[in-house]
Amino acid sequence: MKAAQDTQKPDLCPGLLDVESIRKDFPLLARKVHGKPLVYFDNGATSQKPQAVIDALKRYYTEENSNIHRGVHYLSELATSLYEEARKKLRRFVNARRLEEIVFVRGTTEAINLVAQSYGRKFLGAGDEIIVSAMEHHSNIVPWQMLCEQVGARLRVIPINHDGELLLDEFRRLLNQRTKFVSLTHVSNALGTVVPVKEVVKLAHAGGVPVLLDGAQAVPHLPVDVQEIDCDFYAFSGHKMFGPTGVGVLYGRAELLDKMPPYQGGGDMISLVTFEKTHYNVLPYKFEAGTPHIAGGIGLGAAVDYLAGLDWDQVAAHERDLLEYATQAITKIDGLRIIGTAQEKAGVISFVLDHVHAHDVGTILDQEGVAVRAGHHCAMPVMQRFGVPATTRASFAFYNTRAEIDVLVGALHRVLKVFG
Ligand code: PLP
């Protein structure tokens, strides 16, 4: 039945994933932009939301809204149980050992800042070294630079090769007695590179060094198991994995979170306050000061439910097909060069076009209904590494199709005509 559908619809990818029905779950994908059907290839910046997530948000504000944790009335207990249920879903989503290892935050950026300021200020000092890579998002550079300034530590950078792959030998060389923390991306937003994180963690742990992984671009594409990876911290954002904006997760090994001081002070993160002394709450609440994004947490739980309903082998096959199809089609375009050609890549194609600025490319594509990102992608050091001011980036999700890639290629030919 599925195969028959696929032969009838050659414009869709020939995998098993039923993309046509998945697309119906995402209402925004049906809209037009500038009178043209939307082709949404800006998933790396933020993904679209399935109806189930939109419904969860709407239901929360129409039927369930109340503040959590301290209320004795029905609605407060309901909101609390829905929010804590979402935490359970997120624990299963990354396979954390314990529920208290799931800390709700605003997103990846806040998660990394939390670890830098809490773990970093307590355990790092003058002369200590923190290792990041040359392909990090600014969110995984600046918090560490701030920490370095505060405690006198030093930032070391693992170089990448011309395909955008991490140089593991260089990492081995950088690791030394002074290394006190490693913080790396799991998947590069600017290049699409999938980093061999298990190997990285093994090397760091051999020297007793904890590892944080920035999973912002990994969770929308790969199943993540923090126990299997064996990382100490894992940070990700809800909005890139088909959930709401303003909410994300820091996974942290309980033994480490336990030793870390609170990141922010306020309500909910305390068990007892007097003017003489405050006692902090247990995990994870010690790190969750103030009223959180309750609707966001519940909505993120709905996104996890949605993702759990997909067959991830099919998703992986479909995304691989999209990447290969797009890479082949796009490299045929005169004067186009792909930046980021790693062996292991997620569905991201960054490229430059001779004599045309990325912003001009993006603007013309937009006129054709194709949404891409143009610029430095919050990864200026990556641009410097490849000697380009900016790239145009098409980033795919499982709801994208080969037919949409054909539209992108057609629109790129239009760019060539305009600038030819
Ligand atoms: N890390 C990576 C690899 C990203 O791609 C992004 C966002 O693009 C971030 C961190 C920051 O995520 P957020 O802005 O949701 O905190």
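Counting convention: from 1, in listed order, for ligands and their atoms alike. What you see below is based on every heavy atom in this structure, not just the backbone, and it leaves out hydrogens, waters and symmetry mates. Remember, it's a predicted structure, so these values are computed and weren't measured experimentally.
Relative ring orientation between F398 and F26 is described as perpendicular, the plane-to-plane angle rising above 60° on a 0-90° scale split at 30° and 60°.
Atom 4 (C) of ligand 1 has as its closest protein heavy atom H137 CD2, 3.3 Å.
Here the two rings, on Y40 and Y399, have centers that are 6.0 Å apart or farther. Between F242 and Y306, the ring centre distance reaches or exceeds 6.0 Å. Separation of the H377 and H137 ring centroids does not fall under the 6.0 Å cut-off. Between H221 and F396, the gap from one ring centroid to the other reaches at least 6.0 Å. Here Y285 and H69 bring their ring centres to under 6.0 angstrom of each other.
With a heavy-atom cut-off of 4.0 Å, H239 touches ligand 1 through its side chain alone.
By the 4.0 Å heavy-atom criterion, E136 is excluded from the residues contacting ligand 1. Put simply, part of K240 is less than 4.0 Å from ligand 1, judged by heavy atoms. Residue N140 places every heavy atom at 4.0 Å or more from ligand 1.
In this comparison of N189, D214, V247, the heavy atom closest to atom 2 (C) of ligand 1 sits on D214. One option in V105, T109, T46 has a heavy atom closer to atom 16 (O) of ligand 1 than any other, and that option is T109.
Taking a cut-off of under 4.0 Å to the non-hydrogen atoms of S237, the atoms of ligand 1 that pass are 12 (O), 13 (P), 15 (O), 16 (O). Close approach of ligand 1 to Q217 is summarised as follows: ligand atoms under 4.0 Å from at least one heavy atom of the residue are 3 (C), 4 (C), 5 (O), 8 (O).
Checked for salt-bridge contact, E288 and R87 meet the test: a charged N lies under 4.0 Å from a carboxylate O.
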